[in-house]
Amino acid sequence: MGDVLTIHRHIMEEQRTNSSASGELSMLFSIMALSCKIISRNANKAGLLNVLGKADKVNVQGEEVMKLDDFANRTIKECFSHSGAVAGLASEEEADIIALSDELPRGHYVVVYDPLDGSTNIDANISIGTIFAIYQKVSEGRDAQEEDFLQCGLEIVAAGYAIYGSSTMLVYTTGQRVHGFTLDPEYGEFLLSHPDIKMPDQCNVYSINEANSHRWTEGTRQFIEHIKTSGDERYANTSARYVGTLVADFHRNLLYGGVFLYPADTRNPSGKLRLVYECIPLAFIARAAAVPRQTAPAPSWRSNPRISMSAAHSVLGHAKKWPSTKNRFEPTTCRPTHV
Ligand code: AFP
């Protein structure tokens, strides 16, 4: 295999650089990698499972056919619940914190996740993904509490996403460097393919659902107009791309340099994306990949926990891409989530 770096070897090597590491976090990464491999396997068969499931809701193996987002949710929940490394989980698919049954061991971490981002794209065979963030448990007691999941974004221990596209990739960071691994279907292993990803500060792509433009605020309209017509050299080669799966749009923009927006508008006055499950984890990754390093976190990272579970006005990209119209783009009623 030559000097192929599997995700497991990479995790172990990272762990060795930290003498106080207990191995619990490494275990969490391994479990997430396993979960994503299982989801990827089913995502690849999604169309087929649908066909096979039509008759009597069981496939040829006699397994129950589940919707992929439900399957992804259960996969992550079950893989982590038995790990002994978490004290609780929170999923975008579930209204309440996922408590562990009494007999299961507890760990020092909690995991928040969006099991299947872009699920409306599944049937069209368009890229979908999984988003996650890991926090240290801060509450008292054996089980995780709401406050563990609603911490400031800067308290994230690690965040990442999987993208199930033309290949399956897992991208994660502990806040320093962002690494990308591609699933080799023959080995069944994630191999390091994108070490130390840096987000270009040139804005080569902007991603926004322009069908909503008649509902945008004046600030958003001005920003998009600025990208298109201002002549600002940051936007000299900017093109529009919009998949409608946040992970896919974010991943492309991370590699090519770009900005993703799901702004507040008159139909969604708080935006659409979920702050805890989608925006904060991806903003943490963008922050780690931005060069030069962004130091000032966006205000929403310290948001009131009561509103953190709701949607947020979202802007994800390299802070250097903001034009001089920045202030006009951040109306005080909006809650920007950017780095
Ligand atoms: P689904 O998971 O329901 O497909 O929603 C995906 C998503 O939350 C995010 O991944 C996309 O960026 C965004 O919605 C797309 O929303 P619009 O279809 O309104 O543009």
Side-chain angles (χ1 to χ4, degrees), residues 35-36 39-40 42-43 46-47 50 66-76 90-95 112-133 159-165 168-171 205-217 220-221 223-224 239-256 258-286 300 308-317 334-339:
S35 306
C36 294
I39 297 167
S40 172
N42 266 48
N50 232 355
M66 286 179 281
K67 281 184 73 189
L68 198 55
D69 38 10
D70 185 39
F71 174 82
N73 186 38
R74 289 200 211 184
T75 299
I76 295 174
S91 163
E92 198 196 20
E93 288 287 315
E94 311 216 8
V112 296
Y113 65 97
D114 177 359
L116 210 75
D117 171 55
S119 50
T120 49
N121 276 332
I122 296 173
D123 290 348
N125 206 359
I126 294 171
S127 297
I128 47 181
T130 297
I131 306 172
F132 67 93
Y161 59 85
I163 176 165
Y164 314 107
T168 293
M169 276 193 75
L170 183 59
V171 174
V205 182
Y206 78 93
S207 313
I208 190 167
N209 188 341
E210 299 239 20
N212 295 330
S213 61
H214 59 292
R215 303 192 192 97
W216 291 345
T217 62
T220 300
R221 246 192 300 278
F223 180 50
I224 298 303
S239 216
R241 295 282 186 278
Y242 191 73
V243 177
T245 298
L246 173 63
V247 168
D249 282 311
F250 178 83
H251 181 67
R252 182 203 49 242
N253 295 357
L254 184 72
L255 297 182
Y256 297 173
V259 60
F260 175 93
L261 306 97
Y262 209 111
D265 60 32
T266 50
R267 188 170 59 180
N268 299 301
S270 308
K272 179 184 176 191
L273 304 183
R274 307 289 293 274
L275 189 57
V276 167
Y277 299 107
E278 297 176 306
C279 305
I280 288 182
L282 295 185
F284 186 79
I285 296 167
S300 57
S308 292
M309 292 309 250
S310 65
H313 169 79
S314 319
V315 185
L316 290 156
C334 291
R335 308 185 56 74
T337 302
H338 63 242
V339 291

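First listed ligand is number 1; within each ligand, the first listed atom is number 1. Reckoned from all heavy atoms, side chains included, excluding hydrogens, waters and symmetry mates.
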- Task: Please work out which of the three classes, parallel, tilted or perpendicular, describes the rings of H251 and Y161, given edges at 30° and 60°.
- Result: perpendicular
For Y242, does the OH atom sit with more than 12 other heavy atoms under 6.0 Å from it, leaving out its own atoms? yes
Report yes if some heavy atom in the side chain of T130 is under 4.5 Å from a heavy atom in the side chain of I39; otherwise report no. yes
Lining ligand 1 at under 4.0 Å, by non-hydrogen atom distance, are residues D117, G118, S119, T120, N209, Y242, G244, T245, L246, F260, Y262, K272, L273, E278
side-chain contact (heavy atoms from CB on, under 4.5 Å) filter on S91, not counting sequence neighbours, yields N73, E93, E94, I98, Y113, P115
Between I163 and T168, is there a side-chain heavy-atom distance shorter than 4.5 Å? no
Residues R241 and S207: closest non-hydrogen pair is O-OG, 2.9 Å
